[in-house]
There are 2 protein chains.
Amino acid sequence: MDTRNAILTASISLFARDGYAQVSMRDLANAVGIRAPALYNHFKDKETLYLESVRHAFRGKADALAQALSSGASAHERLEHYVSCIATVFTDDPDSRRLIQREILDGNEARLRALSDQVFLAPFCNTLVLAKELAPERNAHLLTVSIAALVVHHIDIGPLRRLLPGHRPEHEEPACIARHVCSLLLHGISSAQKPNEQGVSGT
Amino acid sequence: MDTRNAILTASISLFARDGYAQVSMRDLANAVGIRAPALYNHFKDKETLYLESVRHAFRGKADALAQALSSGASAHERLEHYVSCIATVFTDDPDSRRLIQREILDGNEARLRALSDQVFLAPFCNTLVLAKELAPERNAHLLTVSIAALVVHHIDIGPLRRLLPGHRPEHEEPACIARHVCSLLLHGISSAQKPNEQGVSGT
DNA sequence: GTCTATAAGCGGATAGAC
DNA sequence: GTCTATCCGCTTATAGAC
């Protein structure tokens, strides 16, 4: 039974890095230190192994995000805490982040439904409440998506962003991203009084 | 030579939908109405065919986006025009959008460099100028990424967003996304005077 | 539960006729 | 330039010894 967990853990990394079709049962077995046929003692087939890996990767993730919203303070403080939390979680756990990207691209409706219900539903609903509190006159669904979009996209497109002008290493740090996103959300593009975000405005 | 273009056009759709590894040379040949070996009369191998397809998919795309920024009006008007343009382009051309997602996930540095230089560099630089004009005190790189992030992410996560509470079909229309994003960028979360974005605030 | 051996099929790519 | 036929490696999955 410990072997099973070892397989799941190793699988998450490989599937996240290379994608379902590019990872063979031999690759997975090698990563655990066994032979490919031994995998079938723990999982019916490759697809089942993949689905179980994804489930395993997201165990407890929903709670972490949902909890980030429950620390009862002012709405502004909860927003800042939540944005920071998203930025940190997605930066520190690139495997989960990449699995989500891959599932959105390739997942069928059943798989996306499972991901939605088990991972995103709870934090999304909590963010809806926060959104209505912060901006009752806006559409809560669109605003909730926008908040997540700002943080997640900055991280997701990292490989491309690194190549574009003006990039600096600190732009990959979760604290820097969170600061920028919060400021933008709270004040809009042209904040009359808001200072620079990490020291310099130009470049 | 017409066959070559037919191959490229068919390949874009298949690679965008299923990904490189999931599309076989036989699949590609079937889509064009020829046999697999005939593909090798036009392309050295599968990887070359894929790279040419990506190049073909993005012909002229950079110009379209860059031009959206050159219509010399006020900075606010250019922003609105640009956001609308991104939303429309990415909604109407899901193949290119998915190819970009896949390249960001799986592309090596050389391929990302090519994508960056040939597609994103020009519009990114123009947006940098706009960003400095709109918000001289902000970091232009971060703001430029945020503008694109807001629009693109709304569309990219469509399959997941459809399953989350509060979603409505009009949230997939580029005009609706553009309106929401522009309002958010210009006024921030809590716009004191901004009306609802598509008729109703709650739900 | 893990191993070796192996089945059965699909993948990219080539040879050579037309 | 396209075809049929074919090579060969790699894939998933199973059988059966230990």
Side-chain angles (χ1 to χ4, degrees), chain A residues 1-57 95 98-99 101-103 105-108 110-111 114, chain B residues 1-57 95 98-99 101-103 105-108 110-111 114:
Chain A
M1 193 58 181
D2 199 30
T3 308
R4 190 188 147 93
N5 276 326
I7 295 170
L8 288 174
T9 304
S11 300
I12 291 168
S13 296
L14 288 180
F15 282 133
R17 196 188 60 189
D18 299 329
Y20 180 82
Q22 297 277 36
V23 178
S24 74
M25 295 299 268
R26 283 177 175 79
D27 295 334
L28 294 170
N30 278 340
V32 191
I34 57 177
R35 303 293 157 195
L39 295 172
Y40 292 87
N41 293 321
H42 305 275
F43 304 93
K44 195 191 92 192
D45 55 20
K46 185 185 178 184
E47 193 183 350
T48 305
L49 168 48
Y50 173 75
L51 294 174
E52 291 288 317
S53 298
V54 173
R55 283 177 58 93
H56 191 259
D95 285 347
R98 287 175 66 89
L99 280 179
Q101 284 188 276
R102 293 195 182 280
E103 283 292 294
L105 265 170
D106 295 323
N108 56 36
R111 267 157 56 185
Chain B
M1 194 56 183
D2 198 32
T3 307
R4 190 189 147 93
N5 276 326
I7 295 169
L8 288 174
T9 302
S11 299
I12 291 168
S13 296
L14 287 181
F15 282 132
R17 196 188 59 189
D18 299 328
Y20 179 83
Q22 299 276 35
V23 177
S24 74
M25 296 299 270
R26 287 170 177 81
D27 294 333
L28 293 171
N30 278 339
V32 191
I34 57 177
R35 304 293 157 195
L39 294 172
Y40 293 87
N41 292 322
H42 304 275
F43 304 93
K44 194 191 94 193
D45 54 20
K46 186 185 177 184
E47 193 184 348
T48 306
L49 169 48
Y50 173 75
L51 294 175
E52 292 287 319
S53 297
V54 173
R55 284 177 57 94
H56 191 257
D95 284 347
R98 287 176 66 88
L99 281 178
Q101 284 186 275
R102 294 196 182 280
E103 283 293 294
L105 265 170
D106 296 322
N108 57 35
R111 266 156 56 184

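In what follows, every chain begins at residue 1, and chains take the letters A, B, ... in the order their sequences are listed.
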Inset, instruction - Scan nucleotides 2-14 of chain D nucleotide by nucleotide, 5' to 3', and note B when protein non-hydrogen atoms come under 4.0 Å of the base, S if they reach only the sugar-phosphate, - if neither. - result: BBBB-----BBBB

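Looking at residues two or more places apart in sequence or on another chain, you find a salt bridge (charged side-chain N to carboxylate O under 4.0 Å, His left out) between A/Arg102 and B/Asp106. In this view, A/Glu52 and A/Arg4 satisfy the side chain to side chain donor-acceptor pair (under 3.5 Å) rule, not counting sequence neighbours. Take A/Glu103 and apply the side chain to side chain donor-acceptor pair (under 3.5 Å) test, not counting sequence neighbours, and it matches A/Tyr50, A/Arg111.
We find that CD of B/Gln22 is positioned 10 Å from P of C/dG11, with the value rounded to whole Å. To the nearest angstrom, C1' of C/dG12 lies 16 Å from CZ of B/Phe43.
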Atom pairs and distances, side-chain donor-acceptor, residues 9-19 of chain A, under 3.5 Å, sequence neighbours left out:
from	atom 1	to	atom 2	distance (Å)
A/Thr9	OG1	A/Asn5	O	2.9
A/Ser11	OG	A/Ile7	O	2.6
A/Ser13	OG	A/Asp95	OD2	3.1

Show me, pair by pair, the donor-acceptor contacts under 3.5 angstrom made by side chains of residues 20-29 of chain A, not counting sequence neighbours?
from	atom 1	to	atom 2	distance (Å)
A/Tyr20	OH	A/Glu47	N	3.4
A/Ser24	OG	A/Arg26	N	3.4
A/Ser24	OG	A/Asp27	N	3.1
A/Ser24	OG	A/Asp27	OD2	3.2
A/Asp27	OD2	A/Ser24	N	3.1

